[in-house]
Amino acid sequence: MSQFIYLHKQAWASLKKKIGFVATVVVTMGTTLGALLCVLTLGHLLLVEPLPYPEQNKLYRVGHILDDNKGEISADAFTYPGLIHLYKNQEVFEQASLTSYSQSVLTSLPNQPRLLIGYTTPEWFSLLGVKMALGRPFEATEALDTFNPVAILSYDTWVKEFSQSPDILQQKVTFEGVSFSVVGVLSKDFIEPQLGTTGSDMHAWLPWDFNQQTRFKDSWGNIHGALTYIGKIKSGVSATQAEQVLSPLLNDTWQEKVVGSDFFKGWTISSEVRSLKSIILGDSERMLFFMIAGVLGLLIIASANIANLFMSRTAEQQRQLAIYAALGAKKRHLFRNLFAESTVLMAISILVALIISSAGFYLMQTQFASVLPRVNELTLNLFTFGSAFLFAGLFALTFAYLSTKMINYKALSSMLQSSGKGTGVQVSKRFRQVLIVTQVAIATVLIFANISLFKNAVKIIQEPMGFEVDNMVSVVFSTSTSPAPTAEESAIAMAQLKSELQQLPQVKSVSQATSPLNNFQLNAITDPVTNLSFTPDYKQVDAQYFTQIGQPLMEGRLMSAADIKDQNRVAIINDVFAKNLREDGNVIGIELDSSGDIYTVIGVVKGVKLPGHSDIRSRMYFPSPQSHRQMNLTLEPNQSVTREQVVAAIKEVSNAYALFNLSMLPQTRNNILFPQFAAAVSTAALAAITLFLGGVGLYGILSYSTQMRRFEIGTRMAIGAKRKHLINLIVRDNTVVILIGIIMSIIVMTVIYLFNQELLAEYIDVGLIPVFVFTLLAIGSLALFACYWPLRQYINHPAIHMLRGSD
Amino acid sequence: MSNIKIQMKGISKIFETEELETHALKNIDLTIYAGDYVSISGPSGCGKSTLLSILGLLDMPSGGEYVIEGKNVTDLSLDEAAEIRNSKIGFIFQSFNLIDELSVFDNVALPLRYKNQVPSDSDIEMRVNECLALVDMSHRASHKPNQLSGGQQQRIAIARALVAEPAILLVDEPTGNLDSKSGDQVMDVLEKLNDRGTTICMVTHDPRYADMATTQLKLLDGAILTTPALSEAS
Ligand SMILES: Nc1ncnc2c1ncn2[C@@H]1O[C@H](COP(=O)(O)OP(=O)(O)OP(=O)(O)O)[C@@H](O)[C@H]1O
Ligand SMILES: [Mg+2]
């Protein structure tokens, strides 16, 4: 033990004199290991760690897959009556709950916040083992069809909206005109399974009976993605067995209900029973894969750099080591000294790494919660510390081993007697070449991969949409009375509201339509002439919509005010749908059947791309009803409109409406593109870091090589070599090694691709060729620079500098 | 006049390190004629190597004027100096300074490859073989330097110094790393070369070898003690 302390004290003392060396090692290893620990902890959490719920391995979600059996449509979403049917008749789950995710305005508070609401049945609380901070969970009194108006708040909502009011259980909250008594507040520690939207917890929970989808309760032809079914499977039943039982249960009833529908002819329903864990993981496995690959690559570059540093340092210390050897130190003594040093360095690095990975967790929780699941569960845990310890030990051993390995012990002992030139410790040429190959290969792979991903992301971000949303704001109104106003009442109110908004000085134009950035809905259409069925996207728009967003009309006409007023059965379709309907694209005047209603096509508009999508789907636009509660405002340049101004406009018209949502469309667009922005930033950063680390590493190795060749270079200068000869020499000698590195990188990439074809298929196209050429140029110039830079200090001085000490 | 190979006037060299100025050479005047065999000797640290490196354009003087074969070489750029070294100067170092990775043949051929106009491969081969024969090393052309003894390596170094037909051979302690037998062999080669007309300037500690020279310079504290023969010859 005292020996151990002595060794480490000595290591400290010798390291203190080499602050630059220590700083380089700690910064390089600390940051890369930090990134690695961060990503590994996330990977472990997502892939290995159980969900924080009792008997979580028995929790499953049932998916409701509709398949048109033509390969055109396959959707995973429940119909409302189908979900209730499953809930009442299934026999494979011990317990199951229904949930519908939605949003609503809390009108009983003065600031009228918009909250995320989960409508659910009482089993949800027992399935997830929910603990309460206050009050009770939902119980039998809130079971299906009890219509008991009570509410449960999330802990955060209690804090944020009710300032942790202690008498919250005596308070009531109003949503859409219904007053709910607060009966509980969820525990602060409860981690919600984010089945609605990744990255957002629900703010409040209301009984299932009040959910906004109840209007579809008899509609077997209408699906909704927010309807969710989770259950605890009975012991001894596997997911496959459950599917085999549930699929006929769902399909048979559905077929009975839609019999006679032309549209659903040939469709089938099947169930998909997947563990809650895999549902929550979603497709983030791919992202995890890229993150781990990127960080591992960085780590390899970093450790190659550091290995080189350690070895150069040993080479530098040869004289000191020789003295130890002369005093009788054996090889294992030398190893112990070096190991003590590398342990100290790795211990500091790992501390830095732990701090960096905590920062990484924070970054993921605050910035990436919407793209990465479960990040709110991230903490430094046993796994992190275990891996940290393992890596620290492993690297300490490796570095000490490599350093010791290059000591030629026999040469050391004789070194003190000889003049010291040419013998002793050197990083062997072969090993230096291996380091260069490694650096070049990894850097090429990483830079190529990151630039391709970056290019992909930027392409999606920059994809022209085909319409404008600059200076546009979308507003959505909800009703705040119960019963809600009738369609006739709404039509009058909305017309008034529209003119109120139009009168605001900053508003240039108003349309009564869904936001152009909203996803479309699906509609079933048959063409009576060809008898073909289609499922184009659809949206309801008014007479101003297309002009307002600048979506060009290609043929025919837009909707008129009269079309809206009289709710004429007219439709506008996009060019893509027109091509699908008629090969010649001649569609003006043709009639289409939408669930029995016949619409006449009056115009063809140019197709638009929604942000994040590179395809243009078949689309159809219907006249929006005059009661439509969504509007788009175009503002004068550099103007804005506040929630308060819109609320004031509503108050002028009626008290039966609330402002549900106001969103700046450029902002919405950026939010939709967030994953691409995040990808662009992180890949650009990773590419830059790689280039930097690779550059530093290559520079380190090549400058050491050049240093080793001082006498040779000096001799060449003495016999008349000019600068160009020497630059040529160094470049030529390293070109082969660098080329081998590049070839290795191609092999590595091919292997990675072959093992992950499915994951990577969508990224492979001819566009990668220029990226690869660019990568080669980047690596090539980096390597050239790393060749030239260490040399310049020698060749720009009189030759004698290189020869001094040679005789 | 045309037989003056080297002329130095008032050459000085000052090394400045931190707060210390070393006057390694002070006002050196030196003329070397074609066919001369000059030896430079003196106590350690007197400036012998410094003088030789300035003679060989490996370093720049701090003052004075230096002319090789009528060309003023006092203020040359690094590349111009390299060109003069390549065409007019042959170096022989104490520690041979052969390049380990290259064969004996390629070591000797190296100065030719740095010429402005690189000769054809057959010319190079002819010239290299000539020089190897001159130092009696033709049979080792394809060996690597580390497969040779010290004396053999030094003879290869001499062949390399000769290959570009320099105006002068600059030799620094050629026998310093050799036993006396190999040392004698090397000195024999140098003497033979001088007999055939090669101009040589050699630094040596060994009085026996210094005596072989036609002109003996003694340096002390950066200055030339005696300059015999020079004034007589001019
Ligand atoms: N790069 C330098 N910087 C500072 N001083 C130097 C430098 N090179 C040589 N000197 C000094 O110049 C003087 C002459 O050195 P030089 O090497 O020419 O001596 P020398 O006669 O060759 O000695 P030796 O017989 O030991 O080889 C010495 O005092 C030396 O310390
Ligand atoms: Mg000397």
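Sequence lines set the chain letters: A, B, ... in the order given, protein chains first and strands last, and positions in each chain run from 1.
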Top of B/L98, B/D100, B/L78, B/I84 for chain A proximity - count of heavy-atom pairs under 4.5 angstrom: B/L78
Can you check whether B/N86 reaches A/I719 side chain to side chain, under 4.5 Å on heavy atoms? no
Segment of B/E101 engaging chain A (4.5 angstrom heavy-atom cut-off): side chain
Is the number of heavy atoms from other residues, nucleotides or ligands within 6.0 Å of CZ (A/F692) greater than 12? no
Do A/I800 and B/M60 have side-chain heavy atoms sitting under 4.5 Å apart? no
Measure the OG-CZ distance between B/S77 and A/R723 for me, rounded to the nearest 0.5 Å. 7.0 Å
Which heavy atom of B/A82 sits nearest to which heavy atom of A/A721, and what is that distance? CB-O, 3.6 Å
Would you give the length of the straight line joining atom CG of B/D79 to atom NZ of A/K722, rounded to the nearest 0.5 angstrom? 6.5 Å
Crowded around B/K71 NZ? As in, over 12 foreign heavy atoms under 6.0 Å? no
Should the heavy atoms of other residues, nucleotides or ligands under 6.0 Å from OH of A/Y401 be counted, would the total exceed 12? no
Separation of B/F91 CZ from A/T715 OG1 (nearest 0.5 Å): 10.5 Å
Got a sec: does the CG of B/D123 have more than 12 other heavy atoms crowding it under 6.0 Å? yes
Region of A/H801 that comes under 4.5 Å of a non-hydrogen atom in chain B: neither
With respect to chain A, which residue among B/P111, B/S87, B/A81 yields the maximal number of heavy-atom pairs within a distance under 4.5 Å? B/P111
Is there a side-chain contact between B/R85 and A/M717, using heavy atoms and a 4.5 Å cut-off? yes
Over 12 non-hydrogen atoms of neighbours within 6.0 angstrom of CD in A/Q793: yes
Check B/Y114 against A/G720 and note the closest heavy-atom contact, atom names and distance. CB-O, 3.8 Å
Correct closest heavy-atom pair for A/R716 and B/L102 would be NH2-CD1, 3.8 Å
